[in-house]
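Data first, discussion second: the structure below is written as structure tokens.
As a basis for the values below, the full set of heavy atoms in this structure was taken, side chains included, without hydrogen atoms, waters or symmetry mates. In what follows, chains carry the letters A, B, and so on, assigned in the order in which the sequence lines appear, proteins first and then strands, with residues in each chain numbered from 1.
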Amino acid sequence: MTITWLAGLLRRRTGRLAATAVGISLAVALIAALGTFLTTSKATMTARAVHSVAVDWQVQVQPGADPAAVLNTVTKTAGVTAAERVSMAATTGLSSTVGGTTQSTGPGVVLGLTPTYRHTFPGEIRQLSGSPTGVLLAQQTAANLHVRPGDTVSIGRAGSAPVVVIVAGVVDLPQADSLFQKVGAPPKSQPSAPPDNVILLPQATFDTVMSHASTAAAPAPTTQIHVVRGAPLSSDPAAAYESVIGAAHNLEAQLAGAGVVGNDLGAALEGARSDAIYAQMLFLFLGLPGAVLAALLTAALASAGADRRRAEQALLRTRGLAPRKVARLAVVEALLVGTVGGVLGLGIGAAAGRLAFGPSPAGSSASTTLIWAAIAFVAGLAIATLTVLVPALRDLRTRTVAQSRHAVGRPHTPWWMKSGVDFMLIAGALFVFWASSSNNYSLVLAPEGVATISVSYWAFLGPALLWLGAAMLLWRIVDLALKHGRRPLARLIAPLTGRLAQTGASSMSRQRRPLARALVLVALAISFAASTATFNATYQQQAEADAQLSNGADVTVTESPGLRVAPAAGAGMQSVAGVRHVEPVQHRFAYVGADLQDLYGVRPASITSATALQDAYFTGGTAKALMAKLAAQPDAILVSDETVKDFQLAPGDLINLRLQDSRTKKLQTVPFHYAGIVKEFPTAPKDSFFVANADYITKVTGSNAVGAFLIDTGGTNQSSVAADLQRRLGAAATVTNVTEARSQVGSSLTSVNLAGLTRLELVFAVLLAASAGGIVLAVGLAERRRSLAILSVLGARRRQLRGLALSEGLLITVGGLIGGGLIAWGLSQMLIKVLTGVFDPPPSVIAIPWGYLTITVLTVVSALGTAAMVSARASTRPAVEELRDL
Amino acid sequence: MNHIENLVVCTDASRTFGSGLSAVVAVQGTTAQVVPGARIAIAGPSGSGKSTLLHLMAGLELPTRGQVTWPSFSTDAAERTQDIGVVFQSPSLVPALDVAENTALPLILAGVDEQECRARVAEALERVGVSDLAGKLPEELSGGQAQRVAVARVLAQRPRLILADEPTGQLDHATGQHLIDVLLATTAQIGAALVVTTHDRTVLERLDTHWSMHEGRLLTAATQGVLS
């Protein structure tokens with residue numbers, strides 16, 4: 001019996017089974033692909049965090065401890081692959097005489113490195129010019145001293161005569177911040193910037209040069225042991241962080257006070273672990289709704305054939321088949337569509353993953369893929385159970401045979417509509433949103449040094465409730481409109497249906513439940529597609545803004561602090577091919593009270609020709625308004641929020657800053673007036689700083705020296721323009737471009753293949769939207785073939801039948817697009833607010849991807865149009881054949 | 001002699017379903033005509049081809065051999081259906097429309113104005129005794145009630161040819177007789193021809209002409225004639 005039934009189903013109900021299996025396959029594919037993405041991106045984050053540090057641990061040998069003993073202990077520690085000794089000492093200053101002039105620097109740091117150090121830690125030192133061995137000078141120091149390889153430099157020593165050395169090469173120290181960190185000090189007491197003047201000596205030279213320290217009244221050199229670890233780490237950043245922190249604590253315990261571990265690897269993993277949680281959030285926010293949508297789509301497809309299934313069940317029961325056996329047939333059907341959909345979905349998921357993330361995503365492994373494939377497959381079976389088996393079993397239990405044979409009943413108001421669940425859900429969404437985002441809201445809280453991460457999962461509830469509530473409200477509106485709006489509906493569809501307009505309206509009114517379900521499904525799919533796309537577009541916009549903020553502009557030329565470059569130097573840069581605008585920006589330091597902050601002097605009228613200033617960077621006015629204020633009132637100044645709070649400032653208040661006068665080299669008090677708050681500014685640090693009018697700073701300090709030139713290239717050829725400029729300017733200036741900044745400044749979240757995730761989600765969203773509209777309408781109309789056949793027998797023309805099918809398609813399309821658009825708008829606003837931690841800087845304007853939205857709308861319209869046309873065409877089969885078939 | 005134009009002419013018409021070894025010949029080489037005012041009963045065992053012949057006459061099936069023509073009706077298939085009313089053996093009401101709306105369908109399709117449409121629907125429902133069911137949906141009707149509504153729909157249409165496929169099959173004897181009365185009275189009133197397939201001897205007796213079918217062949221049409 002079961003085999004016969006199965007064979008019959010496959011032969012006679014192929015369309016219904018195939019449509020249900022397709023719905024399941026979409027859910028399975030989405031879960032499998034996104035799950036694999038989640039795991040692989042976590043592994044990528046861990047791998048990138050590990051690779052991002054040049055030195056895993058910096059063990060600071062404590063005063064009085066024996067460096068050799070500490071090195072010995074460290075080397076023997078489990079998981080340590082290599083360890084090298086690094087000596088550090090202070091110099092009173094460096095000087096050189098080149099071309100008849102003598103340049104001197106302020107205090108600096110002397111490093112002593114073993115001969116094998118650069119081989120063991122290749123990422124710590126980057127060769128710029130000269131020989132890789134011998135005395136090396138940091139690039140900025142070389143620029144300050146105007147020296148090149150082969151020149152001599154004098155190293156100042158406290159309490160002793162300077163020592164002269166010959167410079168062999170010039171190097172860059174890409175990880176100077178961590179190299180010169182104060183090991184063991186809390187983050188707030190770390191130096192704000194690495195030392196400007198650094199000279200690197202071979203260990204033997206260092207020992208000779210600094211031998212005076214044991215006798216003279218000079219601070220003794222310190223020793224660090226730099227460590228490379230080789231212990232295998234978990235692919236999950238959080239687990240890897242915990243194991244690295246634990247290992248560091250273990251080493252400190254072994255050293256028994258002789259050394260303190262500066263855990264660079266731990267710090268890198270600490271950042272990655274919160275990014276991993278954000279990736280998980282993205283999976284939940286963007287992936288899960290897709291899977292839910294695919295499940296709803298499957299439910300809609302399965303229920304489109306439910307009337308006929310009920311009738312078939314009723315027939316079986318009247319023929320004497322026991323309910324238990326009827327239930328077994330339902331189980332067989334659910335298993336069949338679940339398995340076929342699951343297998344199909346795994347295939348689609350693998351293909352989609354390959355398209356989105358490439359052939360073998362970093363960090364992916366066969367076991368990861370298998371685990372997610374299994375999870376997705378089980379989810380597919382669960383969806384089949386919920387959408388095919390459960391309704392069938394419920395019908396068996398609750399319906400009489402007579403009831404089951406009925407096709408169209410009078411639609412009753414569902415319980416949720418009577419009790420206003422939709423309104424409750426929307427109110428709940430707004431409440432959760434208000435509660436979770438009102439005060440010091442943070443979706444992910446990963447305190448430094450604390451192993452646990454807290455995630456505000458409550459925040460998910462807002463968008464989730466809004467999505468569901470708005471969909472149910474849309475259902476209610478469509479239900480009411482179709483119930484009470486037959487006349488206007490008839491007028492609307494009259495151009496398509498002609499004389500059958502009133503009949504069509506009546507039919508649509510009575511079929512309002514499946515129509516509302518299809519329309520809401522389209523709206524949900526469109527809102528999913530649109531809000532996902534809007535979120536992704538805004539994310540891309542802000543990532544670009546972040547890169548622009550960090551780099552300053554398309555290309556930025558940063559002058560060495562020791563040099564005084566006038567704005568006129570920009571004219572030379574202007575002649576480089578590809579440069580559209582060159583904007584000089586001053587960079588000084590100013591004391592406000594005892595606090596030293598960066599001060600940026602800008603030309604308010606032209607700064608925006610070189611870089612974008614978003615309104616979100618400021619408080620107290622738009623970017624345009626505040627720049628106009630700086631232009632109109634030269635002593636106006638923009639300050640940080642923190643400064644406003646610390647000094648209780650009100651707009652217009654006088655702020656006295658102490659700035660160095662270039663003529664006297666002394667600090668002098670300069671009056672400014674507080675004009676607004678600046679939170680972010682191109683090239684500025686993340687903490688407190690000032691922005692003021694460059695002409696005013698020039699006037700009061702007697703110097704127009706430029707700190708950096710911001711260069712606009714029109715968003716193209718940044719790398720080649722930067723290379724040209726670097727060739728022209730030599731080692732005297734640092735030229736950076738936004739392309740490098742994108743890869744350097746982005747969190748590990750941006751560094752994972754978010755573009756692939758975006759592509760994947762957007763393709764699925766379009767597929768879901770098209771399926772929701774097209775397949776649901778087609779299946780629904782197929783179930784109404786009998787009605788169309790009867791109309792045909794009674795004399796309805798092909799045009800009228802097509803008009804009836806198109807009317808339904810049109811209602812679903814227009815209603816779905818409008819409803820989906822509105823839900824998407826609300827959802828995007830909420831999503832971006834809730835996921836605000838993902839954006840850096842926070843967006844002032846949401847980016848709307850019009851191109852993608854147009855493609856989505858066109859795809860949905862085409863799918864619905866095609867479904868309606870195909871159904872109308874099918875209805876022109878000889879009517880008796882149709883009536884006999886059904 | 002007055003020339004009477006046939007409503008339907010079947011000339012050596014055959015209808016075969018499927019092909020090859022599994023082919024089933026439902027109607028074979030049938031030649032028959034139906035003239036205005038004819039009252040024909042087609043009898044025969046199940047599977048003898050009665051319904052298929054009726055469908056061929058209605059233009060719902062196309063003959064695989066021979067031809068079926070409608071000399072008195074429009075050559076446009078959709079327009080022709082306004083002159084031919086069909087009562088199916090199986091339920092043929094649109095599930096999403098109520099009884100009144102179902103009954104009004106052919107009138108709406110024919111462009112009958114709303115007021116007249118309403119009057120004709122009310123009259124037709126009254127005739128078959130289901131006026132009180134006007135607002136009901138098909139699923140709220142019994143099989144017999146649904147069949148009476150299907151008949152009412154044909155009566156409201158006022159066609160020139162009524163083809164009824166076992167119209168009393170789902171009705172009790174008294175209701176069946178009443179329905180036949182109504183059909184006969186209406187056809188007489190509007191001058192329509194009536195062709196009924198039936199197993200019911202009492203129905204056969206009420207009709208003037210009897211055709212018999214066996215294994216797809218019309219046995220008695222030529223001998224008994226077709227005119228009333």
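Screening B:Leu109, B:Leu107, B:Ile108, B:Val112 for a side chain to side chain contact (heavy atoms under 4.5 Å, CB included) involving A:Arg499 leaves a single residue, B:Ile108.
More than 12 heavy-atom neighbours from other residues, nucleotides or ligands sit within 6.0 angstrom of NE2 on B:His199. Within 6.0 Å of atom CD in B:Glu123, more than 12 heavy atoms from other residues, nucleotides or ligands are found, so the atom counts as buried in its surroundings. Under a cut-off of 6.0 angstrom, the local environment of CZ in B:Arg217 is sparse, with at most 12 non-hydrogen atoms contributed by other residues, nucleotides or ligands. For B:Gln115, the CD atom counts as loosely surrounded, since its 6.0 Å shell holds 12 or fewer non-hydrogen atoms of other residues, nucleotides or ligands.
Between A:Arg510 and B:Leu97, the closest heavy-atom pair is NH1-CA, 3.5 Å. When all heavy atoms are compared, the tightest approach of B:Glu101 to A:Ser506 is OE2-OG, 3.1 Å.
Taking CG of A:Leu791 as the reference point, atom CG of B:Asn102 lies at 9.0 Å (rounded to 0.5 Å).
For B:Leu93, the part lying under 4.5 angstrom from a heavy atom of chain A is the backbone only. In this structure, chain B has a heavy atom under 4.5 Å from the side chain of A:Gln800, while its backbone stays farther away. For a residue to count as touching a neighbouring chain, one of its non-hydrogen atoms must lie under 4.5 Å from one of that chain's; by this rule B:Ala110 touches chain A with the backbone only. For a residue to count as touching a neighbouring chain, one of its non-hydrogen atoms must lie under 4.5 Å from one of that chain's; by this rule B:Arg153 touches chain A with the side chain only.
Across B:Asp76, B:Leu62, B:Val154, the residue that shares the most heavy-atom pairs under 4.5 angstrom with chain A is B:Asp76.
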### Query
Are A:Leu794 and B:Val86 close enough, and set up right, to give a side-chain contact (heavy atoms from CB on, under 4.5 Å), and what steps lead you there?
CA-CA 8 Å; A:Leu794 296 176; B:Val86 184; over 6 Å; no
